[in-house]
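Every chain is numbered from 1 and lettered A, B, ... according to where its sequence line falls, protein lines coming before strand lines. Quantities reported herein were computed from a predicted structural model and do not represent experimental measurements.
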Protein chains: 2
Amino acid sequence: MILTQIVNKMVASPQITPTATTTLADRILADLTAEIVEGDLSPGEKLREPDLARRFGTSRGPLRDALRRLESRRLVVTTPNAGARVVSLSHEQLLALYELREALEGQTARLAAERISASELGELERLLDTHAAEIERRNGREYFRQQGDLDFHFRIAKASGNALLYDTLCVDHYQLMRLYRTKFSNRFGRPNRALAEHRRVLDALKDRDGELAELLMRRHIRAARDTIAAEPSTSTTNEHQL
Amino acid sequence: MILTQIVNKMVASPQITPTATTTLADRILADLTAEIVEGDLSPGEKLREPDLARRFGTSRGPLRDALRRLESRRLVVTTPNAGARVVSLSHEQLLALYELREALEGQTARLAAERISASELGELERLLDTHAAEIERRNGREYFRQQGDLDFHFRIAKASGNALLYDTLCVDHYQLMRLYRTKFSNRFGRPNRALAEHRRVLDALKDRDGELAELLMRRHIRAARDTIAAEPSTSTTNEHQL
DNA sequence: CGATCTGTTATTGTTGACAATACATAGCCG
DNA sequence: CGGCTATGTATTGTCAACAATAACAGATCG
């Protein structure tokens with residue numbers, strides 16, 4: 001659990017080397033991100049600057065900075081002169097997020113098929129073996145499965161060799177995906193089916209078949225989207241006016 | 001006071017607000033964006049906060065705010081404790097931008113084919129007629145052609161009915177595309193070919209053929225990318241250390 | 001003569017106070 | 001009694017000064 005927190009903070013502030021000088025806004029960004037994604041701050045909740053500043057022991061300056069960066073990662077919605085609130089996706093907005101993923105990840109898969117290295121292919125293979133073992137002994141820390149699943153997708157994004165695609169997907173929208181993924185991840189049967197779909201994507205990558213890799217990746221994400229589309233839309237309301 | 005209440009109610013209806021309350025950071029953001037895109041600030045140029053604040057007649061607070069938002073639109077790059085610089089894309093990064101566009105716009109075309117309204121189709125048709133007339137009388141304000149071309153792409157993004165896709169494309173990456181588009185737009189023959197490609201995309205939209213619309217849009221953008229890939233890579237260096 | 005160390009200066013990070021705006025409550029008038 | 005207005009409070013926007021970090025220049029030493 002400590003490990004995961006460290007990982008989260010590293011993900012929250014990407015590109016920064018371990019010993020890089022960390023500013024106050026960086027710390028606030030990491031902490032607030034964790035609180036939002038882990039549910040300590042509920043969707044739609046008002047984020048009052050004086051409160052938060054007191055809570056983090058800083059002034060409002062760095063805090064506003066962190067809020068702006070959270071806004072660019074779509075975890076916070078700000079309206080001028082009215083402050084910031086934790087994001088609260090409607091059912092339609094959540095489906096839209098999956099349509100965005102479908103486009104971005106389809107492209108990463110296509111490009112990765114052309115550019116992925118042999119060692120990266122090996123790492124993906126080992127990752128899926130780990131997932132298989134994890135699913136085998138059921139209930140084995142669902143959280144790790146989540147994390148591992150995203151790992152698969154993000155390694156492919158990295159292997160695409162397109163840093164802009166990677167950033168748009170894994171930096172700008174990563175935590176938002178995490179936030180709204182928890183609710184729908186382990187529908188019955190989905191883990192094993194997802195693993196099988198991952199395997200087929202990997203096979204296409206090995207074959208250097210970009211077209212197929214994209215097709216399979218898009219289907220994979222659309223399957224997840226369809227699972228959500230079937231949900232009752234009451235589960236993600238947008239009526240948080242607190 | 002009454003006026004402000006009216007304005008507030010107008011703000012309540014989302015997105016379009018004629019006289020929205022404009023903050024200082026908003027103005028700086030708009031001005032700086034224009035200066036960057038129009039070349040008054042060269043790529044790689046250092047952006048010193050005291051200088052800019054004096055120039056805009058404000059303090060550093062709103063200015064830092066504007067810089068952060070420019071960063072999220074990828075128009076400036078900031079490194080902690082070292083300040084901000086105007087973005088300067090390498091040849092590879094520019095190609096990566098087109099790979100991102102290909103993914104996003106392919107998806108917008110696919111979705112728009114399912115969701116676009118009859119009136120939107122009519123507007124697109126009229127827009128392309130305007131473009132044809134504009135190209136007819138050559139040299140007729142290249143700038144307008146540029147703008148009009150992007151108009152076509154963005155109306156499709158809007159017609160996709162996916163606000164997240166629209167924002168990622170037309171808000172987060174719009175100015176960056178404008179900035180690096182000027183250099184390569186009117187290669188000989190490209191305008192007419194581009195118009196023909198637009199026409200075919202529109203036909204696919206009319207036929208409600210999402211798959212074809214996506215295919216054509218992706219080809220269209222890849223053609224533009226190939227034009228750039230053929231350029232000598234010296235035209236976009238990354239060596240601005242001024 | 002070159003490299004490293006050190007002191008200086010400029011720039012970024014941070015802070016607390018002030019001004020302007022929006023929200024909530026209570027009072028007023030129809 | 002209900003809706004509108006006005007006042008008071010809380011929150012956001014803005015500012016100028018202070019602290020910390022990094023770039024720069026000069027001097028010292030090998």
Side-chain angles (χ1 to χ4, degrees), chain A residues 12-13 15-32 41 44-72 76-86 239-242, chain B residues 1-14 17-32 41 44-72 76-86 239-242:
Chain A
S13 52
Q15 316 297 45
I16 294 174
T17 50
T19 52
T21 61
T22 173
T23 175
L24 272 181
D26 287 331
R27 271 210 305 278
I28 299 176
L29 172 66
D31 289 351
L32 269 183
L41 293 170
E45 188 167 344
K46 184 78 194 296
L47 297 175
R48 266 172 280 265
E49 293 176 5
D51 283 354
L52 293 176
R54 245 194 322 275
R55 198 147 71 75
F56 288 111
T58 73
S59 73
R60 281 173 54 216
L63 189 109
R64 283 172 69 90
D65 200 326
L67 284 180
R68 272 288 131 70
R69 292 203 248 171
L70 283 169
E71 191 181 12
S72 80
V76 158
V77 176
T78 309
T79 57
N81 286 320
R85 312 186 90 96
V86 178
E239 321 298 335
H240 305 267
Q241 312 294 18
L242 14 151
Chain B
M1 35 203 81
I2 290 177
L3 178 64
T4 58
Q5 288 177 357
I6 293 173
V7 168
N8 291 339
K9 292 182 180 177
M10 293 170 73
V11 171
S13 59
T17 23
T19 51
T21 61
T22 173
T23 174
L24 272 181
D26 287 331
R27 256 190 37 222
I28 299 176
L29 173 66
D31 290 351
L32 269 183
L41 293 170
E45 188 169 342
K46 183 79 195 294
L47 297 175
R48 265 172 280 265
E49 293 175 5
D51 284 353
L52 293 176
R54 244 195 324 274
R55 198 147 71 75
F56 287 111
T58 73
S59 75
R60 283 173 51 215
L63 188 108
R64 284 171 68 90
D65 200 324
L67 285 180
R68 273 286 129 72
R69 290 202 249 171
L70 282 170
E71 191 182 13
S72 81
V76 309
V77 177
T78 64
T79 57
N81 285 320
R85 312 187 91 95
V86 178
E239 322 299 336
H240 305 266
Q241 314 292 16
L242 15 153

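Evaluation of the side chain to side chain donor-acceptor pair (under 3.5 Å) rule for A:N81 yields no partner, not counting sequence neighbours. Under the rule for a side-chain contact (heavy atoms from CB on, under 4.5 Å), the partners of A:R27 that lie at least two apart in sequence or sit in another chain are A:T22, A:L24. Applying the side chain to side chain donor-acceptor pair (under 3.5 Å) criterion to B:D31, with sequence neighbours excluded, gives no partner residue. Listed by chain and number, the residues in a side chain to side chain donor-acceptor pair (under 3.5 Å) with A:R64 are A:E49 (sequence neighbours excluded). Looking at residues two or more places apart in sequence or on another chain, you find a side chain to side chain donor-acceptor pair (under 3.5 Å) between B:T78 and B:E71.
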Contact state string [nucleotides 8-20 of chain D, B base, S sugar-phosphate only, - no protein heavy atom under 4.0 Å]:
---SBBBB-B---
